Structures are given as C-alpha cells and as structure tokens.
There are 2 protein chains.
Amino acid sequence: MAKAPTVYDVAERSGVSIATVSRVLRSPAAVREHTRERVLAAVTELGYVPSAAARGLAARRTNVIGLFFPGHDETVPDQPVDSARGDTVPIVDDDSDTSSDTENLYFDEVLRGAEIEAWRRGFALMVAAGRGSSREALVTDIAGRVDGLAVLARTVPDELLAYVARRIPVVILAGAQREDAFDHVSASNGPGMRTLANYVLQGHGVRDVVYIAGPTDSPDDAERLAGFRDALADSGLAEHSVRILRSDFTRDGGRATAARILAADRPRAILCSNDETALGVLDVLEQRGIRVPEDVLVTGFDGITAGRHSRPRLTTVHQPMVELGRAAVHAITARLDDPTLDPQAFTLPVEVVLRESCPRV
Amino acid sequence: MAKAPTVYDVAERSGVSIATVSRVLRSPAAVREHTRERVLAAVTELGYVPSAAARGLAARRTNVIGLFFPGHDETVPDQPVDSARGDTVPIVDDDSDTSSDTENLYFDEVLRGAEIEAWRRGFALMVAAGRGSSREALVTDIAGRVDGLAVLARTVPDELLAYVARRIPVVILAGAQREDAFDHVSASNGPGMRTLANYVLQGHGVRDVVYIAGPTDSPDDAERLAGFRDALADSGLAEHSVRILRSDFTRDGGRATAARILAADRPRAILCSNDETALGVLDVLEQRGIRVPEDVLVTGFDGITAGRHSRPRLTTVHQPMVELGRAAVHAITARLDDPTLDPQAFTLPVEVVLRESCPRV
DNA sequence: TCCGCCAATGTATGCGCATACACTCGAAGT
DNA sequence: ACTTCGAGTGTATGCGCATACATTGGCGGA
C-alpha cells in the first residue's frame, strides 16, 4: 500500500502530459496509437488505478447509483463472530419449519436487477439499508455519493426525499403511483390481484371467499385490495358479501388470521395479499387437517421462493422483482440524460402463477 | 436539480469561512455552539449535501468498501421490461420443482452481512458482479472507488488482485486459507465436514458410505474432502474402503451421480459436499422409492434455505454467511486502521444441523 | 499591568483528474 | 511560397472539500 501513483506519475514515466494520460483513459481515439501504447505500458508498470473521487470531482458526476432499502432493524451483536481456531463444531437439531429469511428475497432480487442494469449502463451500485434513527444522515450521505437514488417506498420520509431530489434524481420503487415530483416504478398490483381473484371467483366458481389484506400503511396492499374489489364487481358481487380481514404480511400473522377465520366458519377460498400470509394460512389448514385445494383454495402474492417449496405449492401473482430493480436504474439514467423529463410512472407486468393451492380448473 | 450548493454557498449565507462550515460537519465540537447553529440553519435552507467526491479527494479516503462477487453470466435482455399499461395479466402454470435461484442465497446473505458491518463502521458499501470479459476493467474501476475490497474466491485472477492490492486492502472470501499476501475469511469447511462425517460413521455406526465431492477447482470443496478423510482416519477406515465420486455442486449433477451410485449398489449413507448436490440425490432416492433416512442417510453442506423445505429436510453443515460478510468488512477496516498488519486468516465456526435426512441417533 | 496561552475562526493550499484553450507541425489548398 | 486547417499534444484551471498554519481576541497568572 505504497502511495498510489497518479496521472502525474504515469505522465512522467511515459514522457507525455497529464492531459494525454487522461485522454488515453477517457477517449483513446483522440490519441495516436504509438502514444497510447506508451501510456498504457506505464499504467501497468506503475499499477495505476484512477481515483474515482478525483474523477468524480472534475467531471461533476460519480457514475454511481444508490439503492436504499429498509433495514431489518435486527439487533446486531457488537462484534462479528471471531476467528475460531479451536474448531469444535457444535451439533444442533433444527426443528423449525418456518424460515424468516425468505422475506429478504424481495430486496435481494431487486438489488440483483439494479446491479445488472447499472453495470450495463456503466454505473456502479451503492447499497444502503435504512436502520433506525440515523436514517436521515445515511440518506444524505449516500445522496452525496451518487448521481441518482432509488428508494423503496416508505423507507424514507417524503420530506427527506424532496430534500435529496433537489440535487439528484430520485425514483421510488414499489409504492403506489402517486402524483408527485418523483419517478415511480412498480408492479401491476391491482390488475394482478384482479385477474387472480377473477380466476377464483369465475374459474373455480367460488362465492364464499375471504380476503386477508396487509397493513393499512402499505401502498402495495391498497392496490391489491382495490384489485380484489374490482374482481368482486366483475362478478357482480357486493363487497359486504365477502369478508375482508387485515393482517400484517407475516407468516405468523397469517396463522393468527387463519385461526380467526376458521373460528367462524370455513370459506371455500382464502385470498392473501402476500405470500407469507398465505404460507401461514397453509400452516393452520394443514394442522387442522383441512385439505388444500380440495376443501379450501389459498392464494398469495409476490412469488417468493418459499411458495414453491410449500406443500401444497402456493398459487400466487409473481412480481418481476429483478425487472423492478432494472427499471429503477433505467428511470434514473433516463432522467440523468434528460433532466427536463416529466415525472414518470412505470408499471411492470405481473403473472398469475398457478400451483396446487389453487390449481387450473 | 439546480446547481448544487457548496461549502462556499453555506459559508457565505451563514457569514463564516468555509473552514468553519467544514468543521461544523466534520468535528462539531471544535465550533462554538452559536456559530454551529447558524451554519446548520444555512445548510438546511440551501439544501446542502456534501459532495463525497470532493471529500474523498481531500481526505484521501472514500469511506466506501467494495464487494465483488461472481456474476451469473445470464443472458440479459437488452431492454428491461417496459411499462405495460395495458394490464393484461397472463396466467401460467408452474410445474417446475427445482429452483435455480436458491444458489444466489449465499451471496445475498454475505452481502447483507457486509452491509451491516460496513454501516456500523461508517462505511458505505459498493457492490459489483463480475461478468464475462470486462471483469478486469470492472475490478480496477471499483478499486478506484473504494478504500478496501472484498472478493469472493476464484472470481478474480490472483494477478489482478495483486495489482489492486498495491493500492487498497483486499480480502478474499470463502476460499482456502492460502499463504499469500491477502487476508482471508472463510468457514471451517474441514472441521465441519469431519464432525458431520464422524456423526455418520460413529454416531450412526455406518461403514458403507459414498462421498460426493464437488468440482476440483473449488477450494472449499478440497477442504471438505480433507475433512471427510480425517473422519475416515478417526474411525480407522482406509480410504479405499469407501467410494469418493466427483460432481459439480448442482442439483442436476447430484441426480446424475446418485444414479451412478445406485447402478452399482446401495450404500447406507451418501455424504455430499454441498446442499444442492444432496437435494439432487434426494430427488433420485424418492423417485426410486428408497426411504431416507431408513434406507439411506443423506447429508449436505452450506445450509441453504431449500434444504429446510425438502422432504425429508436435509441434514447439513451450516455456514454463517452473514457473518462471513461481516468478518470480511471487519478485516478490511482492521487493515485500514493498521496497514502494517500481517496477512490474516479468519476461520468462522460452522454448525452441524441435524434434520430428518440424517437424524439424531 | 503585561505576557502568554488557548479557544475560535480565517486563509491558503493541495487532493487527482477532466477539459477548455493554446500551441505545434505537417499536409493540403491557393 | 504562403495560408489554412486539423490532428495531436501541452498548459492552465477549477471541481468542493479538509486541513495545516496564521490570526484574533479574551482570560488568567505573575
């Protein structure tokens, strides 16, 4: 880790000016081949790596895009596990049947999409998870480092976003398509749920259905619920003819809600506003010996992996999570290219995926 | 997106010098409270966001840590899915039973750990996936942006790493603990496999065992195989008394290898060097009506989520993936604090997790 | 009363690069 | 032969901040 060589070192070594060195790196075509080779040789010999900080300062853009998503607020032990040379390996039993880590899949996939698209467009990707109280500081910190910022809906207060948006383009991921100054990227929550619900109501001919909604503060959930109501209307059903309950998007919440439902009666179908809730419902039904799909149909929403491994496998509406990430980056770069663009809303298509919990008729 | 305000703007507005503005932001204690408040007021009014590029240039450190992992080399469609306002939602059947996306879990978790630890230490995290031919350019590009770089083993040629390491600390994740100039962070592959194998050999009293190794170019696999051999020695078994086959770490590979094994005879236990292979083995055994664990014991390695959802659930050695990410960042920051440190190797503890495929005796 | 000292703030500089502009030189045009 | 022009290169400057050093003013001690 000796002092890092700079353009000056490379220039001196190859007998040219720093401008030429810079040109070799930025626009090679503007330099005669002979010169270019000499410079590149010096670069390799010296182990020169251009400083992105200096480049960013001079060029007034960093070529980095930021992705901000909600943190898990988990209590993190102060120290990471330390090196263990003793090498005694404990043997433990695993009796759990729920996996809490499936919930992260959503962000993981969005991130992967963002990374892919950023790379394709010559940007690097910086990620940050919002945690607790220091969120505000984190957001401005990241904002100072990037050319554009993608934020998952509801992880950052609008006020802060507006503050940041004075400086760089901000795109909101997966929230409702509001009429505001930001770009929005999200999936067709409403139409997706409507199509699935119609499949249950009309395809399976079910009337006796319960809908488990998510938390009221989730914009995605509001759209899905609206889609469900549309489906009711499509079938000429009055809204009060079905039950609509609220849960919290978690597997445990799904279980509790399923218990409440079954305490009253047994509907023919239970539609859930997300997959985790549906998995919880499946847990309770199996435990009570109620057959799915013979006795009760169950559906979810999202398309998380765990839904493919459940018994029975879960019918759901699959969101294109990777594409969401890509589209977010795409929106940012588009605005970078043309800042005068009006705020746009991108709605990505979804897919109803039929599996055993609500099979094809 | 008006021109972003700078320290000069803030200084002018609050009637102080830029040095004072900088101090308010960097070391608030050095400024009188009255002054500090005036400056902070100006900051908010102007919507000032410090430029990380300028800060990084002046301070000679960016406070960013890079994480480089292997890309999936998937063929990425040129354009992301476009906005679909028509909102026709297709309905498709999902008959697949294998999910290729579980493989990503490993990196996702490492990333999460890295993000957590980076944040705790005041660093931002930049991620990049190595893809195809431009890998070299990508690595140096990232290297120019960060204070330290964590790289998953075997994703970047040593030569390149050495080049980069002349400038910033580099830590290698999850590879063998080689004697080189880099820091290494990995899990106790050998002891983990040894413990598990001993449990099979001695706990279950099995002699008739087949071991399915992974690709020869995987350093993790080499350590696991060595651990298995140690276990053989522990039980006084000669190596030629068992069969050791090679597969490729994939579920399909596991299936093919299982078929080959069963063509010869039926061992009492099949130990696999990773979970995916083991899942493939389970597929074949179930298909042939061979009972697990009654007829054959099966074990894996890694602790991926899919192993918790299989039937029967898979006994495995669980790697602390989140901790790996944390430890990597930890190692980098340690070296940043004291560059004279000798190269270190951190070995994180693993856990044998018993599930039905090889239950507790 | 005078000096020294420290806290608070200002001034000046450099970090490493991109780039506008200036310059050179040879080829083509008149 | 002289001008024009453009390809190739060099010179000079600024990007926005941190920080070493200089400066100021107030306070306590002798």
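Here the structure is a predicted model, which means the values were calculated and not measured. Chain identifiers are assigned alphabetically (A, B, ...) following the order of the sequence lines, protein sequences preceding nucleic acid strands; residue numbering begins at 1 within each chain.
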Completion exercise
Judged by nearest nucleotide, the residue sitting upstream toward the 5' end of DNA chain C, B:A19 or A:V21, is B:A19
Exercise for the section: For the residue pair A:H330 and A:F346, categorise the inter-ring angle as parallel (less than 30°), tilted (30 to 60°) or perpendicular (more than 60°). Expected result: perpendicular
Please report, rounded to the nearest Å, how far the [atom2] atom of [N] is from the [atom1] atom of [X].
X	N	atom1	atom2	answer
B:R38	C:dG10	CZ	C1'	14 Å
A:L25	C:dC17	CG	C1'	10 Å
B:D9	D:dC17	CG	P	9 Å
B:H34	D:dG25	NE2	P	17 Å

Handout entry: Presence of A:S17 side-chain N/O under 4.0 Å of D:dT11 phosphate oxygens OP1/OP2
Key = no
Practice task
Output yes when at least one side-chain N/O atom of A:S22 is less than 4.0 Å from OP1 or OP2 of C:dA18, else no.
Solution key: yes
Problem - pair B:R120-B:V329: side-chain heavy atoms closer than 4.5 Å - result: no
Practice task
Kindly indicate whether the side chain of A:Y8 and the base of C:dC15 share any N or O donor-acceptor pair separated by less than 3.5 Å?
Solution key: no
Problem - A:E323 and A:R326 ion-paired at < 4.0 Å - result: yes
Problem - A:R36 side-chain N/O to A:V24 backbone N/O, donor-acceptor pair under 3.5 Å - result: no
Handout entry: Within residues 40-60 of chain A: residues closer than 4.0 Å to DNA chain D (heavy atoms)
Key = A:L57, A:A58, A:R60
Practice task
Please work out if A:R23 contacts a base, only the sugar-phosphate, or nothing of the nucleic acid, heavy-atom cut-off 4.0 Å.
Solution key: base
